[in-house]
K.L.:
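Sharing a structure below in C-alpha cells format, with a few things to ask.
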Amino acid sequence: MIDAALLDQILVATGMGLVGAIVFAAIGLVSGTDETTTLAPLTLLVVLLGVPPEGVFTFFLAAAVAKHMTHAVPTALLGIPGDTMATPLLQDANVLRNLGVPHIALRKMVSGAIIAAFLAVPLAVLFAVLLAPYGAAITKAAPWIFVVAAVAIAYFSSGRWASVATLVPFVMVIVALQALTGKYGVKLSISYFLGIAIGPLVADLFSVISPAARARMKRDKVRTFSLAPDVKGWSGYFPNPFKVLDRGQLKWTVATAAISSATFVFSPVAMTVVLGELVGSRIKHAYHRLTTTLAARNGVTEATYIAEALIPLIAIGLPLSPVAAGPAAPLFNAPPVFTIDTATGQTHNLHNLLNHWEFLGYGMLAVVLAALVAYPFTMNFARRAALFVSRKVSHEAIIATFVGLIVVISVWEGQLLGLLVILTMGLLGGLLSRAIGFNTGVQFMGYYTAVLTVPAVVKAFG
C-alpha cells in the first residue's frame with residue numbers, strides 16, 4: 001500500500017505537472033516567447049502561491065520539456081524561432097522548409113527532444129549525486145565561484161569581452177539600487193529578478209513610445225507565412241519516436257544528449273550550436289545531415305535545460321548555471337518561500353526539501369506528463385495549431401498578461417520602489433542585451449555577484 005502522504009504528494013505533483021505541460025505546450029506555439037520571460041514568472045507565481053515542493057518542481061520541469069517540444073512548430077513550419085533556444089535550429093529548418101518538407105523537420109526535432117528528455121533526467125541526477133559530496137565546499141566558496149562563473153558565462157555569450165567588461169558597471173547599478181531601497185527600509189530580491197527576466201520586453205515597450213525607435217520598427221507590409229500540407233506517416237495517436245528517427249539519428253541524439261546532460265555552466269544556446277556543428281561535420285549526405293542535426297540539436301535544448309536546472313539544484317542549492325540563474329531561478333530563490341542567505345550562502349529551497357530519489361522520481365514523472373501532452377499534440381496537430389496561432393493569437397494580449405502579472409508581484413514585494421526597480425533593471429538589461437549581447441543569463445549572474453560576492457569582498461578587504 002502507498003503511504004497516504006506520499007500518495008497526496010504524487011497527486012499534487014501530477015496535477016501541477018499537467019498544468020505546466022498544457023500551459024507551456026500552448027505557449028511554445030507562440031513565436032518569440034522567451035523562456036525566461038514566461039517560464040520564470042509563472043514558476044515564481046506557483047512558488048508564492050504555496051504549492052508544495054514536489055508540485056513546484058514537477059510544474060517547472062514539465063513546462064520546460066513541453067515548451068521545448070512545441071517551440072519546434074513555429075520554427076519548422078513558419079520559419080520564425082519559437083524561443084531563444086530554437087534560434088540555432090532555424091537555418092536548417094528553413095532549408096528543409098524550402099525543400100517542401102517542413103513536416104519532416106518538425107518530426108525529427110520533436111522526436112529528438114522526447115528521447116533526450118527521458119535520457120537527461122537520470123543522467124543529470126547521477127552527475128549531481130557525484131558532485132554532491134563537494135557541495136559544502138562549493139557553498140563556502142560560493143561568493144568567489146559566482147564571480148568566476150559570471151565572467152565565464154559572459155565570455156561565452158554573444159557579447160564576449162564586452163559582456164565581461166559590462167559586468168562591473170551592471171553589478172554597481174544593482175549595489176546602488178540596493179543601497180537606495182535600503183534607506184527606505186525596503187529589501188528587494190524578486191523585483192531584480194523579474195526586471196532582468198523581462199528586460200527585452202521593457203526595452204521594446206520603451207522603443208514603441210520613442211519616435212526614432214518606432215520609425216525603425218515600422219514595416220511596409222504585413223508579414224506572410226506559407227504552410228505546407230500536413231502529411232501523416234503513421235497510424236494511431238502516439239507515434240513511436242524510435243521509428244521516426246533512423247539508427248544514425250538516434251545514435252547522435254543520444255550521444256549529444258548525454259554530453260549536454262553532464263554540463264551545467266555553459267550557455268544552452270552555445271551547447272546547441274557546438275554539438276550541432278559536431279554532428280553536422282560527421283555526415284556527408286546533405287538531407288541526412290540536416291535532419292540528423294535538427295534531431296540532435298533539439299535534443300540538446302531539452303537535455304541542457306534539464307541538466308542546468310537539476311545539477312546545481314540537487315548538488316549545491318545555488319544557481320550556478322545560466323538556466324539556474326535565469327528561468328529556473330525561482331526554484332532556488334523566491335523569498336519568503338525559498339531563500340539564499342547572501343551572507344553565508346546557506347540555502348532553503350528545493351535542494352533542502354527534496355532528496356535525490358524524489359528529484360529522480362518527480363523528474364521522470366514531469367517528462368512523462370510533458371511527453372503525453374506535447375509530443376502527440378505536436379506530431380498530430382502542429383499544422384492546425386500553427387495556423388490558429390498565426391491568425392488568431394494576439395502577441396499584444398500575451399505581453400499584456402505578463403506585464404500585469406509582473407506589476408502585481410513587484411508591487412506586492414516593494415510597492416512603488418519594487419515597480420521602479422523592475423523598470424530600471426528591465427530597461428538597462430534589455431538595452432544592454434540588444435546592443436552588445438549582454439544577455440539575461442549573464443545579467444542574472446551579475447545579480448548574484450552583487451548580492452553574494454560584493455558583500456564578501458567588502459568583508460574581506462574592508
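Please read all numbers here as calculations on a predicted model, not as lab measurements.
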K.L.:
Do the non-hydrogen side-chain atoms of L29 and F377 ever get within less than 4.5 Å of each other?
P.N.:
yes

K.L.:
Could you walk me through whether L7 and L11 pass the side chain to side chain contact (heavy atoms under 4.5 Å, CB included) test, one step at a time?
P.N.:
CA-CA 6 Å; L7 181 60; L11 290 175; 4.2 Å; yes

K.L.:
Hey, would you say the F57 and Y362 ring centroids sit under 6.0 Å apart?
P.N.:
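No, the ring centres sit 6.0 Å or more apart.
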
K.L.:
Checking I174 against M425 for the side chain to side chain contact (heavy atoms under 4.5 Å, CB included) test, could you report, in this order, the C-alpha distance in whole Å, the side-chain angles of both residues, the deciding distance, and whether it holds?
P.N.:
CA-CA 8 Å; I174 296 174; M425 294 305 302; 3.7 Å; yes

K.L.:
Taking all non-hydrogen atoms of both residues, which atom of T43 and which atom of P330 are closest, and how far apart?
P.N.:
CG2-CB, 4.0 Å

K.L.:
Indicate the atoms forming the closest heavy-atom contact of A124 with I311, along with that distance.
P.N.:
O-CG1, 3.6 Å

K.L.:
For residues P52 and Q9, determine if any side-chain heavy atom of one lies less than 4.5 Å from a side-chain heavy atom of the other.
P.N.:
no

K.L.:
Under the side chain to side chain contact (heavy atoms under 4.5 Å, CB included) rule, what do F242 and L250 come out as? Steps first, then yes or no, please.
P.N.:
CA-CA 7 Å; F242 292 97; L250 182 61; 3.8 Å; yes

K.L.:
Testing T293, L294, V300 one by one against V279 for a side-chain contact (heavy atoms from CB on, under 4.5 Å), which residue passes?
P.N.:
T293

K.L.:
Can you confirm whether F59 sits close enough to L369 that some side-chain heavy atom of one is under 4.5 Å from a side-chain heavy atom of the other?
P.N.:
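No, their side chains stay 4.5 Å or more apart.
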
K.L.:
Are the side chains of F438 and L167 in contact, using a 4.5 Å heavy-atom criterion?
P.N.:
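They are in contact (side-chain heavy atoms under 4.5 Å apart), so the answer is yes.
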
K.L.:
For the side chain of T301 and the backbone of N298, is there at least one donor-acceptor N/O pair under 3.5 Å apart?
P.N.:
yes

K.L.:
Give a yes or no answer on whether the side chain of T181 reaches the backbone of K187 with a donor-acceptor pair at less than 3.5 Å.
P.N.:
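No; zero donor-acceptor contacts below 3.5 Å.
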
K.L.:
Would you call R297 and E302 a salt bridge, using N to O less than 4.0 angstrom?
P.N.:
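A salt bridge is absent here (no side-chain N lies under 4.0 Å from a carboxylate O).
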
K.L.:
For the side chain of T339 and the backbone of P336, is there at least one donor-acceptor N/O pair under 3.5 Å apart?
P.N.:
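Judged by distance alone, no pair lies under 3.5 Å.
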
K.L.:
In Å and rounded to the nearest 0.5 Å, what is the CD to NE2 distance from E358 to H356?
P.N.:
10.5 Å

K.L.:
Is there a side chain to side chain donor-acceptor pair (under 3.5 Å) between T347 and N352? Walk through the geometry before answering.
P.N.:
CA-CA 7 Å; T347 62; N352 312 99; 3.1 Å; yes

K.L.:
So, do L350 and F359 sit near enough that their side-chain heavy atoms are less than 4.5 Å apart?
P.N.:
yes

K.L.:
Indicate the atoms forming the closest heavy-atom contact of Y192 with L177, along with that distance.
P.N.:
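Reported closest heavy-atom pair: OH-C, 3.3 Å.
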
K.L.:
Is there a side-chain contact between L278 and T256, using heavy atoms and a 4.5 Å cut-off?
P.N.:
no

K.L.:
Please report, to 0.1 Å, the donor-acceptor pairs under 3.5 Å made by any side chain of residues 108-120, with sequence neighbours excluded.
P.N.:
| residue | atom | partner | partner atom | Å |
| --- | --- | --- | --- | --- |
| K108 | NZ | V244 | O | 2.7 |
| K108 | NZ | Q249 | OE1 | 2.9 |
| S111 | OG | R107 | O | 2.8 |
| S111 | OG | Y375 | OH | 3.2 |

K.L.:
Quick one: CG on L44 to CG on L331, what's the gap to the nearest 0.5 Å?
P.N.:
10.0 Å

K.L.:
Judged by atom type as modelled, is there a donor-acceptor pair below 3.5 Å linking the side chain of N349 to the main-chain atoms of G317?
P.N.:
yes

K.L.:
Can you confirm whether L353 sits close enough to H348 that some side-chain heavy atom of one is under 4.5 Å from a side-chain heavy atom of the other?
P.N.:
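Answer yes - side chains close enough.
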
K.L.:
Taking the side chain as everything from C-beta on, heavy atoms only, tell me whether V19 gets closer than 4.5 Å to V23.
P.N.:
yes

K.L.:
Which heavy atom in A371 sits nearest to a heavy atom in P376, and how many Å separate them?
P.N.:
O-CD, 3.0 Å

K.L.:
Please check if the side chain of S260 supplies one atom and the backbone of A257 the other of a donor-acceptor pair under 3.5 Å.
P.N.:
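Yes, S260 side chain to A257 backbone: donor-acceptor pair under 3.5 Å.
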
K.L.:
With side chain to side chain contact (heavy atoms under 4.5 Å, CB included) as the test, would you mind laying out the steps for L310 and L61 before giving the verdict?
P.N.:
CA-CA 9 Å; L310 263 62; L61 198 59; 4.2 Å; yes

K.L.:
Looking only at atom types and distance, does a side-chain atom of T58 sit under 3.5 Å from a main-chain N or O of G17, one as donor and one as acceptor?
P.N.:
no

K.L.:
Under a 3.5 Å distance rule, please check whether Q443 uses its side chain to pair with a backbone N or O of G429 as donor and acceptor.
P.N.:
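Checking the backbone N and O of G429 against the side chain of Q443, a donor-acceptor pair under 3.5 Å is found.
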
K.L.:
How close do A25 and T70 get, counting heavy atoms only, and between which atoms?
P.N.:
O-OG1, 3.0 Å

K.L.:
Measure from the side-chain N and O atoms of Y447 to the backbone N and O of V171, and report whether any donor-acceptor pair falls under 3.5 Å.
P.N.:
no

K.L.:
Mind listing the closest non-hydrogen atom pair of I436 and S163 along with its distance?
P.N.:
O-OG, 4.1 Å

K.L.:
Has H68 got a side-chain atom pairing as donor or acceptor with V65's backbone, closer than 3.5 angstrom?
P.N.:
no

K.L.:
Rounded to the nearest 0.5 Å, how far does NE2 of H351 lie from CG of L318?
P.N.:
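Result: 8.0 Å between the selected atoms.
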
K.L.:
Please confirm whether the ring centroid of F338 lies under 6.0 Å from the ring centroid of F332.
P.N.:
no

